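Here the structure is a predicted model, which means the values were calculated and not measured.
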Amino acid sequence: MQTSGVDFVAPTIRGTLPAKPQYNGGGDTTKLADLVAAIKRRGAAIKISALDDTAASLTAKKNLDKHGTNTYDPKFDVGDSQGTGEGGYKYFWEYNLENWFKVVPADMRFTLSGRPVIYEWSLADSFFTDQGGGHAAAMLNYAKQHAQSEFGVAPYFIVDNSWIKEDPAAQDVVDGVNDWFSMTSSSTLATFKGDTFGVLVPGYHTGAATDLSRDIPAAHGDTLRTGLANTVGKGALVTLVEGFSDWKENCALWRGRPGTYDATRYDYPNQMINILRQYARDPFQTGVRIEAEGADSTSDTTAGNLYKTYRDGDTDIQATTDGGPGWNVGSTAAGEWLQWKALPMSGTVTLKVRVATVSANSQIRFDVDGKTGPVTTLPSTGAWTTYQTVNAGTFTFAANSVHDVRITFLNGGVNLNYWTD
């Protein structure tokens, strides 16, 4: 997320049941504590929003609680605020959004107009009944009033347009509306109360591989580029990019695995992250860690990953002791290398490596765009688990340009955690 340059992440939340703790396919709101801790460890400036999967957090959670089945039948009755029948606002607030407010610290919440942003997905008839007549508006107000009372701030609700279609009264309660995406429109830009709200997907496929009725081709990254140009590029107040980790629907934006395009929908592992960063607030931010284990391509002289962790292939990756949970590339040998594509560089920069070695003459070299850089001899750090930051050459780049970067281990004997510019 940090490498992609996003301002915020909106994890899909599906609530939790106090008496029946379970993940419901992911989305247990209380588990966001792990994300909060990871962002803090990293020292990243990423804020946290939420994408409430209303069908799961309301309908499925209610059915699991009342009927013992994690399904969408019976539908959720939005008009039943007390939960005497097939509804209950507690599934909206007490079992879901309230936990988000408890777990995500105020200084880490993504806000608009000083209020934390919560996205709400569909309120369609497939999952809900009795949404109209002011009922959807009442449920939103219930959450707003409780948030204001308990936490001193009301949510900034951005909802799928089905909320307004089902209950026109909701437009007086929500703060933003989006048009989501469809198989014919991979990105949308909706206007509500003078502001524009974008949604896009970098590609999508669910169901059988031969079923093209649920398919949006990734088109070698062009679908993502077009979507970003049509939303962020057109001045949207805020844009939600669906699927940062949505592997089930083939729209993940994370670092992919090596392989052919037909197998992965990526031309190279970091492709989608690199495209997303082009539309970040600062596409050429400096000082970002480039993780050794996340290289796009590698060359290793021994078969298999010696430590059998993090990724397949021959590169030897182990859990690191350098600054908390994470990984480093280890057991390097002469001539092995790691390479990244299309990294942003600008002006004159000194590249720095975070390394551990017990040798006093281990050498590495940065090569940029195929041009050989200076050789750097690394000092002994005293132990394989003791890391030191070492300057590894100064380079000058054209303003706001992207480059292919390779690190070669000239004689091996180095543990590499990450490098920065």
Side-chain angles (χ1 to χ4, degrees), residues 1-5 42 44 221 253-259 266-278 280 282-301 310-311 313-317 320 322 326-330 332-357 362-378 387-412 414-421:
M1 289 186 291
Q2 187 181 37
T3 307
S4 73
R42 186 69 168 195
L253 285 145
W254 57 20
R255 179 184 300 120
R257 61 183 174 87
Y266 285 55
D267 290 310
Y268 60 94
N270 286 296
Q271 181 179 26
M272 295 303 187
I273 293 174
N274 289 347
I275 294 172
L276 187 60
R277 188 180 54 243
Q278 293 171 18
D282 181 8
F284 293 90
Q285 58 181 315
T286 59
V288 174
R289 296 183 193 177
I290 306 300
E291 297 290 343
E293 70 274 9
D296 287 310
S297 56
T298 68
S299 176
D300 193 282
T301 58
Y310 190 78
R311 68 189 279 178
D314 295 334
T315 303
D316 301 314
I317 298 170
T320 190
D322 185 29
W327 300 269
N328 64 262
V329 171
T332 55
E336 294 182 347
W337 52 261
L338 308 170
Q339 182 164 303
W340 295 259
K341 290 180 65 67
L343 290 180
M345 303 282 186
S346 187
T348 300
V349 298
T350 298
L351 303 184
K352 298 170 279 290
V353 289
R354 184 71 174 173
V355 294
T357 179
S362 289
Q363 294 181 322
I364 65 166
R365 187 186 68 227
F366 273 98
D367 300 336
V368 180
D369 299 329
K371 297 179 181 178
T372 301
V375 172
T376 298
T377 300
L378 305 172
Y387 281 79
Q388 182 176 332
T389 301
V390 179
N391 290 346
T394 298
F395 297 79
T396 300
F397 304 102
N400 300 342
S401 52
V402 296
H403 304 273
D404 295 347
V405 178
R406 175 181 290 191
I407 295 179
T408 299
F409 303 97
L410 298 179
N411 53 3
V414 180
N415 283 354
L416 176 63
N417 189 357
Y418 59 84
W419 62 275
T420 63
D421 61 4

Practice item. Show the numbers, then the answer: is there a side-chain contact (heavy atoms from CB on, under 4.5 Å) between Val329 and Asp316? Key: CA-CA 6 Å; Val329 171; Asp316 301 314; 5.7 Å; no
Can you check whether [Y]'s main-chain N or O pairs, donor with acceptor, with [X]'s side chain at less than 3.5 Å?
X: Asn417; Y: Ala292; value: no
X: Asp282; Y: Phe284; value: yes
X: Asn274; Y: Lys341; value: yes
X: Asp369; Y: Asp404; value: yes

Check your understanding: Any salt bridge between Glu336 and Arg365, counting N to O under 4.0 Å?
Key ->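 Here Glu336 does not pair with Arg365 in a salt bridge, since their nearest N and O are not under 4.0 Å apart.
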Looking only at non-hydrogen atoms, find the nearest pair between [X] and [Y] and report the distance.
X: Pro344; Y: Arg277; result: CD-NH2, 3.0 Å
X: Gly287; Y: Asp421; result: N-OD1, 2.9 Å
X: Thr408; Y: Trp337; result: OG1-CB, 3.8 Å
X: Val414; Y: Leu378; result: CG2-CD1, 3.8 Å
X: Ala392; Y: Pro374; result: O-CG, 4.5 Å
X: Asn391; Y: Thr376; result: O-CG2, 3.5 Å

Check your understanding: Which class fits the ring pair Tyr310 and Trp327: parallel under 30°, tilted 30 to 60°, perpendicular over 60°?
Key -> tilted
Practice item. Measure up the Trp419 and Phe366 rings against each other and bin them: parallel (under 30°), tilted (30 to 60°), perpendicular (over 60°). Key: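 Perpendicular.
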Could you check whether any side-chain heavy atom of [X] comes within less than 4.5 Å of a side-chain heavy atom of [Y], counting everything from C-beta outward?
X: Val349; Y: Thr394; result: no
X: Gln363; Y: Val375; result: yes
X: Arg406; Y: Leu338; result: no
X: Ile290; Y: Thr420; result: no

Spatial distance of atom [atom1] ([X]) from atom [atom2] ([Y]) [nearest 0.5 Å]:
X: Asp300; Y: Ile317; atom1: CG; atom2: CD1; result: 9.5 Å
X: Thr348; Y: Met345; atom1: OG1; atom2: CE; result: 12.5 Å
X: Trp254; Y: Ser4; atom1: CH2; atom2: OG; result: 14.0 Å

Exercise for review: State whether a side-chain donor-acceptor pair under 3.5 Å links Asp322 with Tyr418.
Suggested key: no
Review point. Does one side chain, of Arg289 or Gln2, offer a donor that lies under 3.5 Å from an acceptor on the other?
Key: no
Practice item. Show your reasoning for whether side-chain contact (heavy atoms from CB on, under 4.5 Å) applies to Ile273 and Leu253. Key: CA-CA 6 Å; Ile273 293 174; Leu253 285 145; 5.7 Å; no
Point to revise | Test side-chain contact (heavy atoms from CB on, under 4.5 Å) applied to Gln388 and Thr357, step by step | key: CA-CA 9 Å; Gln388 182 176 332; Thr357 179; over 6 Å; no
Review point. side-chain contact (heavy atoms from CB on, under 4.5 Å) between Met272 and Leu276: does it pass, once the steps are laid out?
Key: CA-CA 6 Å; Met272 295 303 187; Leu276 187 60; over 6 Å; no
Check your understanding: Hey, which of Asn411, Asn415, Leu410, Thr377 is the one that makes side-chain contact (heavy atoms from CB on, under 4.5 Å) with Ser362?
Key ->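 With Ser362 as partner, Asn411, Asn415, Leu410, Thr377 yield a single side-chain contact (heavy atoms from CB on, under 4.5 Å), made by Asn411.
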Review point. Out of Val353, Asn328, Leu416, which one pairs with Tyr387 under the side-chain contact (heavy atoms from CB on, under 4.5 Å) rule?
Key: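 Exactly one pass, corresponding to Asn328.
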Point to revise | Partner of Arg255 under side-chain hydrogen bond (donor to acceptor under 3.5 Å, both in side chains), chosen from Asp296, Thr3, Asn270 | key: Asn270
